[in-house]
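In what follows, a single structure is set out as structure tokens and then discussed.
To find a chain, count down the sequence lines: A is the first, B the second, and so on, and within it residues start at 1. None of these values were measured; they are calculated from a predicted model.
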Amino acid sequence: MPGAQKKIAADSVGLVSPERLHFDEPLKLRSGRTIDQYDLMVETYGTLNAERNNALLICHALSGDHHAAGYYDANNPKEKPGWWDCCIGPGKPFDTNHFFIVCLNNLGGCAGSTGPSSINPETGKPFGLDFPIITVRDWVNSQARLADRLGIEQWAAVIGGSLGGMQVMRWAISYPARLRHALVIAAAPKLSAQNIAFNEVARQSIMSDPDFHEGRYYDFNTFPQKGVMLARMVGHITYLSDAMLREKFGKASSDSNFGRDLRSGNLSFGFDVDFQVQSYLQYKGQTFSKNFDANTYLLMIKALDYFDPAVDYGGDFSKAFAHSQCKFLVMSFSSDWRFAPERSREIVDNLLKAHKQVSYLEIAAAEGHDSFLMPIPRYMQALHAYMGRVAVECNSGGHR
Amino acid sequence: MRGDLQLIQDWIAPGSRVLDLGCGDGAFLAHLKATRNIQELGLEIDAENILQCLRAGVNVIEQNMDLGLQNLESGSFDTVVLAHTLQALHRPDLIVEEMLRVGKNCILTFPNFAYWRHRLALLTDGRMPKSPQLPYEWYDTPNLHHCTISDFDELCRRKHIKVLSRTVVDHGHHSSPLIRLSPNFFGINAIYHITR
């Protein structure tokens, strides 16, 4: 229906638009290489106050981007809001009535920031695998430059889930004076061997796709869709819980299907889709693979694999936080087996060992790792409670 | 503030690190923070209490102390507080050991099961005693291991725990000549300040 205005909820940030910021001071990377210039896609919500002390930085996870909340198109009733819309908006935990909220597409991304699909000015062609490997530390360094650009000397809080939570920890380690609160949600001190194993399956899926062309698929006007789809399907399974998949797909949908999650009542006795979970997973993988750059996916899982702040401190994770000054809120979800609650408790225990101020909650939730993106009541209440306190500090001139 | 907490706050040094086991809504730690500038940590398992702690800006960890305090380093706190919870733990003796390991000194409060009214209830009615301190029925009480002042003194002797101070009080958290005469008979609440 042309011109049909969608209804936007009162607690939404409403219509938003991103901005592309250009940086031309070379950025030295962990790998030893340098990026001479780059763009970052940035979206902001709310208003920076006169004291410039009410800014929140939201760090995205593996497949996220700068579009964390609100909508782009007033005329598209089917458009989904940003990826953390349940948390960002007036009256929501990251309350735009109190905070100025910044979210960016990380370097190496494929949503507008400079990444493998961007044109390499030296060759006039997309970077592809020539794009340098980016680490969590490099992201945080680029985010610090973004903060400089926006005139934010100190964040009221840096916030992130999963890979985003790793960026938060890196902020507390690398820029101790530049944040007052660190919210580390569903994260881990580093990947486990099992985590890296799953990433390896994803990597091999992409790189063994005949359309990958050593990462130069742009030149061949194609992309490794099957590979990305497989990678995402494997990844997606690790984001969900067994209990949630049972809840969603383990039930009979009609009397004739023997109490199993068959798509139709009859077995196909072939290798087509018999079970609903198959088509669900294929749909998820397919949708993702059409919109996400394969080289960026490879970069992101490498950044995950490499994250391990303890390596600079003789393997003692607590020592990494020796100079951190912020308060920490760490949260985990009971059914998360990708970064299980034990991993969050490792973070907490090391923060306690370093005599840091930390609070910890384990939220009972069935949605697995993806819980951190969901409006689970106790989770929302905890964020509300904590951020309410942060807002009060901002109003009373919070700065250290 | 609860009377027992009123009494123990003077044992907490300004600027010290304080761990409160079963910190409730965090009001006691918030009070110590405001008045004594302590660095606080509370352990709590009740969801609503944890939210209250976050609202009060009190550091709180969701942790069941019945599973131990292994994640806390030895000697990492100046004072460890366990107020009115000892009798509800699975192994009070082990938690006391853990408290003494983690804290340089510890403060414990508990209801004295040997209070004369409790004794009388058992003697005359033959029923499990109930009182404002012990308001539960035998079947729904959270209290697993009641103890008396004499019992706790004996535990301290056996474990070579040094009692820095012991205060025994009544309902209103006052002492009296009778309590001083026979604390284990007339005392309702016991407050211990202990160390190794």
Practice item. Please indicate whether B:Lys159 has more than 12 foreign heavy atoms, meaning atoms of other residues, nucleotides or ligands, lying under 6.0 Å from its NZ. Key: yes
Point to revise | Choice from B:Arg55, B:Gln39, B:Gln63 maximising heavy atom contacts with chain A below 4.5 Å | key: B:Arg55
Exercise for review: Please indicate whether B:His171 has more than 12 foreign heavy atoms, meaning atoms of other residues, nucleotides or ligands, lying under 6.0 Å from its NE2.
Suggested key: yes
Point to revise | Interface residues of residues 350-357 of chain A facing chain B - non-hydrogen atoms under 4.5 Å apart | key: A:Leu352, A:Lys353, A:His355, A:Gln357
Practice item. Say whether, by atom type as modelled, one donor and one acceptor occur between the side chain of A:Ser359 and the main chain of B:Val60 under 3.5 angstrom. Key: yes
Exercise for review: With chain B as the partner chain, list the residues of residues 335-349 of chain A whose heavy atoms fall under 4.5 Å from it, by residue number, and write 'none' if nothing qualifies.
Suggested key: A:Val348, A:Asp349
Exercise for review: Would you check if the side chain of B:Glu62 reaches a backbone N or O of A:Glu362 as a donor-acceptor pair within less than 3.5 Å?
Suggested key: yes
Study note, to complete from the structure: If one checks every heavy atom of B:Ile50 against chain A at 4.5 Å, the contacting part turns out to be side chain
Practice item. Could you look at B:Glu40 and say if it's the side chain, the backbone, both or neither that has a heavy atom under 4.5 Å from chain A? Key: side chain
Practice item. Would you give the length of the straight line joining atom CG of B:Asn71 to atom OH of A:Tyr360, rounded to the nearest 0.5 angstrom? Key: 10.5 Å
Exercise for review: Output the residues of residues 376-389 of chain A for which the shortest heavy-atom distance to chain B is under 4.5 Å, in residue-number order; output 'none' if no such residue exists.
Suggested key: A:Arg378, A:Gln381, A:Ala382, A:Ala385, A:Tyr386, A:Arg389
Check your understanding: Does A:His323 have any side chain to side chain donor-acceptor pair (under 3.5 Å) partners at least two apart in sequence or in another chain, and if so, which?
Key -> none
Practice item. Tell me, yes or no, whether the heavy-atom count around A:Lys92 atom NZ, taken from other residues, nucleotides or ligands under 6.0 Å, exceeds 12. Key: yes
Practice item. Check the surroundings of atom NZ in B:Lys104: do more than 12 heavy atoms from other residues, nucleotides or ligands lie under 6.0 Å from it? Key: yes
Check your understanding: Within a radius of less than 6.0 Å around OH of A:Tyr313, do more than 12 heavy atoms belonging to other residues, nucleotides or ligands occur?
Key -> yes
Check your understanding: Between A:Leu361 and B:Leu54, what is the shortest heavy-atom contact and its length?
Key -> CD1-CD1, 4.0 Å
